[in-house]
> 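First the structure, then my questions, so here it is.
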Amino acid sequence: MSWQRVRPALGWLGARTWPLISPARPIVDMSYSHHFVDFQGSSIPTFMKKLVVTQLSPDFRKAVTLMPKVAVPVPGDGELLIRNRYVGINASDINFSSGRYDASVKPPFDIGFEGIGEVVALGLSASKNFTVGQPVAYVKSGSFAEYIVVPADIAIPVPLVNPEFLTLLISGTTAYISLKEFGYLSEGKKVLVTAAAGGTGQFAVQLAKNAKCYVVGTCSSEEKAGFLKSIGCDLPINYKSENVASVMKKKIPEGVDVVYESIGGEMFDLSVNCLATKGHLIIIGFISGYQTSSGMLPVKAGALPAMLLRKSASVHGFFLTHYMSKYKEALIALVKLYQSGKLVCEVDHGEQSQEGKFIGLESIFRAVDYMYTGKNIGKIVVELPHLVNSKL
Ligand code: NAP
Ligand code: X1H
């Protein structure tokens with residue numbers, strides 16, 4: 001069969017490449033049949049594997065079960081069936097599995113916040129903007145599955161199935177929007193980023209550097225400190241080998257203007273302590289508590305009013321889903337920075353983990369452990385390989 005270059009829908013991220021799709025394979029209307037052949041000539045199976053929360057617990061292994069045989073979902077009108085090629089791991093996967101996100105939801109329910117892959121089938125009206133074979137990314141719960149149905153109006157056309165784009169969907173936009181809304185960044189400001197070498201921390205560091213700030217970043221190893229240096233962090237602090245409070249007091253006695261805080265507990269207390277007059281602390285998360293039954297760890301909250309008042313400082317919570325009106329602009333700006341070589345999107349595929357690269361849904365359990373033992377550098381991404389079964 002001959003292959004033809006067809007023009008993909010020009011999504012809002014633009015398109016740099018022309019994917020090959022089979023001209024003989026128009027839109028697949030999955031409601032008539034449940035046996036298809038996709039754009040690469042391999043069959044879309046009737047069944048697939050997916051992860052399901054079967055019991056509420058912040059212990060991911062206890063909460064989540066790999067279902068070996070569930071029906072591949074069928075896209076309705078205005079929907080896309082996407083074959084996931086990479087899915088992102090988020091610290092909050094265990095908040096989701098513990099039911100903290102929505103107390104009214106009872107197991108079983110799907111899990112995983114984001115993915116990138118290609119469209120393999122689509123409902124009729126989705127064909128206005130999408131085509132079979134097109135690379136797309138999305139943020140939607142249920143991504144820890146081989147296939148997922150996503151409404152076309154939330155799917156993000158991407159130039160190619162590149163895991164680096166995945167790092168921007170949640171981790172990048174969280175840093176971009178929170179710092180833009182509450183960081184008040186400008187040249188010479190001093191910024192402290194905790195979990196700086198992680199999925200979202202890496203973007204906070206680079207965006208603050210882009211704004212010509214002086215950036216301090218905390219992390220747990222020398223290798224991470226080296227990575228932080230490589231992305232422009234002025235002062236990486238390995239909290240396992242250095243006393244963060246002493247280093248901060250010595251190097252920045254006047255305090256920092258902004259803290260991008262993800263750890264909680266003692267690190268939150270320390271961050272409040274090192275705020276400058278009129279400083280802003282943005283609460284991005286509190287990962288050190290997520291594995292506990294309440295999801296929290298104690299902080300010195302009793303002293304907080306006095307500490308903030310004394311410094312005219314502020315503490316601001318930030319949750320990405322409350323800022324969807326800013327999302328599109330943020331993602332476009334991040335992709336532009338990435339494509340112009342001004343933003344590193346570090347992906348951790350788990351090569352350094354005990355059992356090697358995170359490949360297949362089974363490896364998501366290992367990937368979550370890897371994050372919670374503080375091993376990752378950059379965003380943890382799990383690859384879901386697709387063995388092309390071409391009959392052509
Ligand atoms: P990540 O930073 O890629 O990984 C988590 C990092 O946290 C680890 O690499 C480790 O780095 C540190 N860590 C892990 N377990 C820890 C523990 N028990 N105690 C102390 N530190 C621990 O993860 P992420 O998905 O990007 O999330 C980072 C933070 O951002 C989380 O708090 C998450 O909830 C938050 N977040 C918030 C939003 C939002 O909308 N507010 C969106 C996305 C993410 P070290 O080397 O520093 O120890
Ligand atoms: C509707 O608003 C929310 C906000 C946060 C619903 C749920 C949460 C939640 O579960 C989270 C969360 C979400 C994202 C993220 O990156 C970090 C966190 S921390 C957290 C939470 C942890 C423990 C609790 O007891 C309550 C919330």
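Residue numbers start at 1 and run along the sequence shown. Start at 1 and go down the list; that is how both ligands and their atoms are numbered.
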> So if I count the atoms of ligand 2 from 1 in the order they appear, which ones are less than 4.0 Å from some heavy atom of M296?
25 (O)
> Using a 3.5 Å cut-off on N or O atoms only, is I283 in polar contact with ligand 1?
no
> Has ligand 1 got any nitrogen or oxygen that is less than 3.5 angstrom from a nitrogen or oxygen of S220?
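Checking ligand 1 against S220, an N or O pair does fall under 3.5 Å apart.
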> Quick one: does ligand 1 sit under 4.0 Å from the side chain of K379, the backbone, both or neither, non-hydrogen atoms only?
neither
> Could you tell me whether Q291 and ligand 1 have an N or O pair separated by under 3.5 Å?
no
> Please compare Y101, F113, Y290 and report which has the shortest non-hydrogen distance to atom 6 (C) of ligand 2.
Y101
> For atom 43 (C) of ligand 1, what is the nearest protein heavy atom, given as residue, atom name and distance?
T174 OG1, 3.7 Å
> Considering only heavy atoms, does Y290 approach ligand 1 within less than 4.0 Å through its side chain, its backbone, both, or neither?
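The part of Y290 near ligand 1 is the side chain, not the backbone.
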> Please step through side chain to side chain donor-acceptor pair (under 3.5 Å) for the pair Y184 and D257, ending with a clear verdict.
CA-CA 9 Å; Y184 313 102; D257 302 293; over 6 Å; no
> Please name the pair of heavy atoms, one in A333 and one in Y176, separated by the smallest distance, quoted to 0.1 Å.
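Closest approach of A333 to Y176: CB-OH, 3.4 Å.
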> For ligand 1, is there an atom lying under 4.0 Å from some heavy atom of C219?
yes
> Counting both backbone and side chain atoms, is some N or O of S171 under 3.5 Å from an N or O of ligand 1?
no
> Please list the nearest protein heavy atom to atom 27 (O) of ligand 1 with its residue and the distance rounded to 0.1 Å.
A91 CB, 3.5 Å
> Using a 4.0 Å cut-off to any heavy atom of G198, which atoms of ligand 1 qualify?
1 (P), 2 (O), 3 (O)
> Run the ring-centre check on Y86 versus F165 and record whether the distance is less than 6.0 Å.
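Centroid separation for Y86 and F165: 6.0 Å or greater.
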> Under 4.0 Å from a heavy atom of S294: give me the atoms of ligand 2 that qualify, with their elements.
23 (C), 24 (C), 25 (O)
> What is the closest protein heavy atom to atom 21 (N) of ligand 1, and at what distance does it sit?
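For atom 21 (N) of ligand 1, the nearest protein heavy atom comes out as I263 CD1, 3.6 Å.
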> For ligand 1, which atoms sit closer than 4.0 Å to a heavy atom of L320?
39 (C), 40 (O)
> Does I170 reach ligand 1 with a nitrogen or oxygen that is under 3.5 Å from one of the ligand's nitrogen or oxygen atoms?
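Min N/O separation from ligand 1 is not below 3.5 Å for I170.
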> For H349 and F358, I'd like to know if the aromatic rings sit close, meaning centre-to-centre distance below 6.0 Å.
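No.
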> Start with the C-alpha gap between K50 and E146, add the side-chain angles, then the distance that decides, and say whether salt bridge (charged side-chain N to carboxylate O under 4.0 Å, His left out) holds.
CA-CA 6 Å; K50 77 169 170 177; E146 289 177 315; over 6 Å; no
> Just need the protein heavy atom nearest to atom 15 (C) of ligand 2, so name the residue and atom and give the distance.
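Its nearest protein heavy-atom neighbour is S92 OG, 2.9 Å.
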> Between S288 and ligand 1, does any nitrogen or oxygen pair lie at a separation below 3.5 Å?
no
